[in-house]
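Numbers here are sequence positions counted from 1.
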Amino acid sequence: MSNVQIKQLLIEKFGLSVITGEDEHGLQSALHIAPEQIAHVCLELRDNPATYFDYLSCLSGVDYGPTTNRFEVVYHLASIPYRTQLTLKISKIHGRGLNDLPSFPSLSMVYRTADWHEREAYDLVGIFFEGHPDLRRILLPDDWVGYPLRKDYKAAEYYKGIKIGYTPFTPESEEQDSLNSSILTAAVEKYQAKIAAAATQDMVLNMGPQHPSTHGVLRLELITDGEIVKEVIPHVGYLHRCFEKHAESLTYQQTIPFTDRMDYLASMNNSHAWVMGVERMLGIDKDIPKRIEYIRVLVCELNRIASHLIAIGTYGIDIGAFTPFLWCFRDREHIMGMLEWASGSRMLYNYIWIGGLFYDLPVGFEERCREFVNYFKPKLAELNELLTGNQIFISRTANVGILPLDVAINYGCSGPMLRASGLKWDLRRIDNYSAYPELEFDVPIGTGEMGTVGDCWDRYKVRVDEIEQSLKMIEQCLDRLQKELKRTPEFDPRAKLPRKITPKAQDYYMRAEGARGELGFYFITDADGKSEIPFRVKARAPSFNNLSVISEISKGVMIADLVANIGSVDIVLGELDR
């Protein structure tokens, strides 16, 4: 269904006033919705068989600065059955008081994934969502002063009672702000009351934020009845990287090293998604030479295998199997060596650039890569034999942490998390970007072979099967790169690099299939289309959405099974906290 048809459908359902405007410039059009109608509109679009926008990919808060005092929330919806996308926007003019915030209806009752996204918009942009069940800060401490992604935000020099050169209130605004402060602290007080009440009859335990069992600086607050987990409350933000704030201060090309630092286990995929978005906004995406496209896919799939080996190896050690951990790290080391050979860096590559590559592949890279593929295939078979069919491993993972497909979709899960629940949804196939349309590969899904579809074992097995598919893609890339796309003396991987990167005024959401799922970047370019620095960038990290479902799939499980659940999600805190 086109935007025109959707617009007509909404007008017939809600009246002319439901549409307040429309963006038709740039690559993606958007409908502006009356703020008070947004929840009803999204519910209609989600449940109407003609549209069925059942997936909320991304929610972004935007501050257009003190000259306009306009605040906006942007929703990127996707329809899985129809494979279509839709952008909706709501906005209002509002003052800039730190406690008197612009307010919009919450979508957390329509899309469960909106819960964490709205908390992030509240935390960083200072947008209040009416009806949200738990509107606390999510990346920053509860007592943080100010909203860092506001355009007039002044970073404090010190913190925690030490003198800072920044006064949050002016005498004129303090009285008005105090009237609204109780609304903003209500969620924190509700959370504190819940923990205090639980402590009288249950145990309140902390898992993390040390590395063991939580896969990074993640703290899980557990309310337990003995060994049974009654509730899981994730606390994130310990590794907050300020990526979006950096992106507002650097050029598009200069930001690439910062994308590497989000999902640092699969950073080639991060930079690939970023540069594809910028190239499309510049209109040069069809001009990228085939050799460059195939090299990009080659290094991304190598990096995907390395990332999945980390996931499998650390998951084995979570369950108590030490040998797979050693085997996976041994074989990952071969990939790390090849990617370091190509880029000069071990993990944070800065190799894929806008319009090209940092450098062509080293001479002999293709041959060495093929040697690795031939070496690794039997090693993967050994790993399968050791872990996949191991009865102890099956007993610890089968029928544990079952994630039904409808719940996975509603929470915005993606990648192996979503496919393990039985849905063939892979953006390399859905969006057909880069060289992927020319490659043959399957999309593995969970089948409930050892237990129930969507359990921990399925999530593990999907990653194992994806490694096999990545090996197939690597072999096809090598065939092309060594034959019709082989290196020539005159080939210059930087020939298409723009001298100046200034996309025309527009906003655009680019999504790609990272190692953990849908990695998205929402760009808002400078209003006059002349700046090399984006006005706003929102990063949609798959780990952020995937972890949000941990509370849902861990109610009533044993503490030991919670460890299995966390490992099966395969989070990377660098992209979760961004």
Side-chain angles (χ1 to χ4, degrees), residues 42-43 45-47 52-59 75-85 107-117 232 234 308 311 315 397-431 443-466 511-520 540-557 561-562 564-572 575-576:
C42 287
L43 189 63
L45 293 173
R46 187 195 72 181
D47 295 341
Y52 211 72
F53 284 101
D54 52 346
Y55 193 86
L56 174 60
S57 287
C58 186
L59 183 157
Y75 306 90
H76 296 284
L77 307 180
S79 171
I80 290 175
Y82 296 121
R83 299 188 175 187
T84 54
Q85 298 183 75
L107 285 193
S108 57
M109 295 300 105
V110 181
Y111 300 104
R112 293 296 298 275
T113 187
D115 182 339
W116 278 26
H117 283 277
V232 180
H308 282 351
Y315 195 46
T397 57
N399 295 313
V400 173
I402 299 168
L403 177 60
L405 180 57
D406 60 329
V407 176
I409 292 172
N410 204 239
Y411 271 89
C413 296
S414 57
M417 282 284 288
L418 181 59
R419 292 190 284 274
S421 295
L423 180 67
K424 282 198 173 187
W425 184 261
D426 189 317
L427 296 177
R428 294 172 294 178
R429 274 280 179 255
I430 303 300
D431 289 353
V443 179
I445 61 172
T447 60
E449 181 182 347
M450 295 296 177
T452 306
V453 174
D455 59 16
C456 287
W457 191 90
D458 271 350
R459 288 192 282 277
Y460 154 81
K461 187 59 165 59
V462 163
R463 293 186 179 98
V464 173
D465 293 341
E466 285 189 4
R511 61 181 188 176
E513 189 69 33
R516 282 149 194 83
E518 180 178 328
L519 174 64
R540 191 270 192 203
S543 289
F544 187 76
N545 290 62
N546 292 346
L547 181 66
S548 69
V549 82
I550 193 71
S551 301
E552 186 75 21
I553 64 176
S554 299
K555 292 179 180 177
V557 305
D561 290 338
L562 174 61
N565 287 350
I566 296 169
S568 72
V569 176
D570 183 28
I571 52 173
V572 170
E575 72 165 13
L576 188 145

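Residues Tyr111 and Tyr55 share a closest heavy-atom pair of CE2-N, 4.0 Å. Minimum heavy-atom separation, Val557 to Leu562: CG2-N, 4.0 Å. In plain terms, the two heavy atoms of Ser551 and Lys555 that are nearest each other are O-CG, 3.3 Å. The two residues Ser554 and Val232 have their closest heavy-atom pair at CB-CG2, 3.9 Å. Across all non-hydrogen atoms, the minimal contact from Tyr75 to Leu59 is CE2-CD1, 3.4 Å. Arg459 and Pro416 get closest at one heavy-atom pair: CG-O, 4.5 Å.
The backbone N or O of Phe53 sits nowhere less than 3.5 Å from a side-chain atom of Ser79 that would complete a donor-acceptor pair. In this structure a side-chain-to-backbone donor-acceptor pair under 3.5 Å is present from Asp54 to Ile80. Within the 3.5 Å criterion, the main-chain N or O of Val572 finds a donor-acceptor partner in the side chain of Ser543. With Arg46 contributing its side chain and Val110 its backbone, the two residues share a donor-acceptor pair below 3.5 Å.
Residues passing the side chain to side chain contact (heavy atoms under 4.5 Å, CB included) test with Asp431, sequence neighbours excluded: Leu427, Tyr433, Arg511. Remark: Thr447 engages Glu449 in a side chain to side chain contact (heavy atoms under 4.5 Å, CB included) (not counting sequence neighbours). For the side chain to side chain contact (heavy atoms under 4.5 Å, CB included) test, residues two or more places apart in sequence or in another chain that qualify with Val453 are Asp458.
Contact of the Leu77 side chain with the Leu56 side chain is registered, since non-hydrogen atoms from C-beta on lie closer than 4.5 Å. By the 4.5 Å heavy-atom criterion applied to side chains, Ile550 and Pro234 are counted as neighbours. Side-chain contact check for Ile409 versus Ser421: every heavy-atom pair is 4.5 Å or farther apart. Cys413 places a side-chain heavy atom less than 4.5 Å from the side chain of Leu403. Contact annotation: the side chain of Arg540 never approaches that of His76 to less than 4.5 Å [non-hydrogen atoms, C-beta and beyond].
Atom CG of Asn399 and atom CG of Asp561 lie 10.5 Å apart (nearest 0.5 Å). With values rounded to the nearest 0.5 angstrom, Asn546 atom CG is found 9.5 Å from Ile571 atom CD1. Atom-to-atom distance recorded for Ser568:OG and Arg463:CZ is 7.0 Å, nearest 0.5 angstrom. The CD1 atom of Ile430 lies 10.5 Å from the CD atom of Gln85; values are rounded to the nearest 0.5 Å. Atom CD1 of Ile445 and atom CG of Leu418 lie 10.5 Å apart (nearest 0.5 Å). Rounding to the nearest 0.5 Å gives a distance of 5.5 Å between OG1 of Thr397 and OH of Tyr315.
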Under the criterion side-chain contact (heavy atoms from CB on, under 4.5 Å), I'd like the reasoning laid out for Glu552 against Arg112: C-alpha separation, chi angles, the key distance, then a yes or no. CA-CA 11 Å; Glu552 186 75 21; Arg112 293 296 298 275; 4.0 Å; yes
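A donor-acceptor contact closer than 3.5 angstrom links the side chains of His117 and Asn545.
A salt bridge between Glu466 and Arg419 is present, with a side-chain N of the basic residue lying under 4.0 Å from a carboxylate O of the acidic one.
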